[in-house]
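See structure below.
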Amino acid sequence: MMSASGGGGGSSGTSIVWFRRDLRVEDNPALAAGVRSGSVVAVFVWAPEEEGPYFPGRVSRWWLKQSLSHLDSSLRSLGTKLITKRSADSVSSLIEVVQSTGATQLFFNHLYDPISLVRDHRAKEVLTARGIEVRSFNADLLYEPWEVNDPKGRPFTTFANFWERCLSMPYDPEAPLLPPKRVISGDLSRCSSDTLVFEDETERGSNALLARAWSPGWSNADKALAAFMNGPLIEYSKNRRKADSATTSFLSPHLHFGEVSVRKVFHLVRVKQVMWANEGNKACEESVNLFLKSIGLREYSRYMSFNHPYSHERPLLGHLKYFPWVVDEGYFKAWRQGRTGYPLVDAGMRELWATGWLHDRIRVVVSSFFVKVLQLPWRWGMKYFWDTLLDADLESDTLGWQYISGTLPDGREFDRIDNPQFEGYKFDPNGEYVRRWLPELARLPTEWIHHPWNAPESVLQAAGIELGSNYPLPIVSVDAAKVRLQEALSVMWQHAAASRAAMENGTEEGLGESSESTPVAFPEDVPMEENHEVVRNNLTGLVRRYEDQMVPSITSLVSIEDAETTSGIQNSIGNSRAEVPTNRIVHEEPTREDAAFQTTQRNNALHWNNFITGPLYDAEDSTAESSSTSRRERNGGVVPVWSPSASSFSDQFVTEENGIHTNPPFLPRHPQSHQEINWRRLSQTG
DNA sequence: AGCGCGTTCGT
DNA sequence: CGAACGCGC
């Protein structure tokens, strides 16, 4: 055996560095550990079926392809190359690579989405059992989720408190690591690469356009960061209102694939902020705070995903599961196609479809319209974002949609409806954005550009517009939406109260399974990508239709999908709403937020507990240690282990309040919230 | 100037 | 809903 030259306890030998969403050589702790401990086999495993319904969309796959080839050439210049494996099971592929290279160690960086939590835990268990030393690292966050806790050692449930704590932690985020000077390659003579196919013929044409606007890869990410810091960062706070100003950082796809380390971004931006503060430049300091807040939201999305691994499919506020979503695929289609009759919404949806990109403001507009005006189930919208966004990111998008939907403790009120007409004049005062993406409205004067339905007939004629023909009338009026939303909310509260009453009577085990508590399934026969009837063929050699994607390959998650498909909501009659159960009468005064939850949820939670045997991130990590001020050891040989019971605050919440010893996924609404008031008012009148 | 208002905005 | 702003006196 040769000895490790780098010291630091690295044992000599070959290590596998498993790349996932950390496609960079700079500030990559797993790669650095591999380099330190001997020779390196760099591996990327493409196993999209593991993602269940979240098979990456076309543009996201395009990005990944470019980014991987970029990483490969970087690794080649350092002395090795990237091994790529096509797989139905990442862990099996890793074992293959272990066997063909004689590697004795596996290093990787943490991910926090629910699927990765389960998969990575399994990887660690299986490989450790085979005598492989497995170590994992934080490369994606300023602080690990279990490091950031309130004074009582519990996870935060509101963003502001979380972020304030992050910014005042007793120790700084780890400083970024330099890229290795050289990588000693493991023996790859018996380890072959699979050719990865990321696009089919029908997608190639659309993808060709992407290269004009975007340059994936870690060195391009660096350039994007530098360009942003030297320019738009200064004006970030001033320009954030405009729909199409080029003042966003455009870093999000780079960050999603880990082409640039968030810690590096943080350090550079922070230094700049200090510089500006010294010059007394108040506005710039403000801009930086705002930009850092968006970094903070990204952090928070991982934090929430870790603490609430169901949040991508279930509202974090319990009562929202009773909301009678309008299950109307016609609305859904109109929204996707940008034919809702609201110019700002439609322009946004056309831009999204055409480019895979949307300014953050417009994301808020279209998703808010989706949830509040159309009242479609938010998970459909989130899934469409997932399929079409270049920077599709499960954790961030989940947080965004839950925020918009009013299902977070500190999100917007559920009954607030934003009016796209007014937002249009706010974010696109001259109508330039609308005219760019809706050519049929190009000749309409600015006065009417955001509400063509009010325009005099003569004006419309002069602009060549025939409403209902070449541009739609609003599919739902905002006033009608307000009325409908109020009705739906009262139905929701009645259901919540009825369910609560049933729970307190200790009966109704079956209530949760019947209808209202299960999330609405994705529409089965609607391809998310309009132009492709066969959505993702030729990637696996099999023809995959959309519904194929609904079957996750991880058993613990199948139960959720199963539960969804039995939901009665989409089967209900009339206006597509679940009806109030007639045999349940509301007469109890609820004393607090609906922290109670249904049997199905409990069962699902138990599936997780069953699946994840043993704590993934040890309890000491998530509570005691992180609440202390001592610095957590970063590089220990211990792989952090996650488990729902160790990570979920809501767990403790309900245990204390209700004496229920399991893992409820719901949070209490923020005190003082409108919804709590609403709750009382409704239950008094009900 | 300081105060009282309406309006906007909020992760 | 409240805090933070912007206006007019």
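The sequence lines fix the lettering, A, B, ..., with proteins before strands; numbering per chain opens at 1.
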- Under 4.0 angstrom, heavy atoms only, what part of the nucleic acid is A:R416 near: base, sugar-phosphate, or nothing? base
Whole-Å distance separating the [atom1] atom of [X] from the [atom2] atom of [N]:
X      : N      : atom1 : atom2 : value
A:D360 : B:dG10 : CG    : P     : 11 Å
A:F427 : B:dT8  : CZ    : C1'   : 11 Å
A:L292 : B:dT11 : CG    : C1'   : 15 Å
A:R361 : B:dT11 : CZ    : C1'   : 11 Å
A:Y425 : B:dT8  : OH    : P     : 16 Å
A:L290 : B:dT11 : CG    : C1'   : 12 Å
A:E164 : B:dT11 : CD    : C1'   : 15 Å
A:D393 : B:dT11 : CG    : C1'   : 15 Å

- Message: Are B:dT11 and A:Y403 stacked, with the base six-membered ring and the side-chain ring centres under 5.5 Å apart and planes under 30°?
- Response: yes
- Message: Can you see whether A:E351 engages A:Y433 through a side-chain donor-acceptor pair at a distance of less than 3.5 angstrom?
- Response: yes
- Compute whether any side-chain donor of one residue and acceptor of the other, for A:S305 and A:D113, lie under 3.5 angstrom apart. no
- Message: Going by the rule side chain to side chain contact (heavy atoms under 4.5 Å, CB included), which residues pair with A:A334 if we only count those two or more places apart in sequence or in a different chain?
- Response: A:I475
- Task: State which residues pass side-chain hydrogen bond (donor to acceptor under 3.5 Å, both in side chains) with A:T446; sequence neighbours excluded, sorted by chain then number.
- Result: A:R435
- Task: Considering just the side-chain nitrogens and oxygens of A:K426, establish if one lies under 4.0 Å of OP1 or OP2 belonging to B:dC9.
- Result: yes
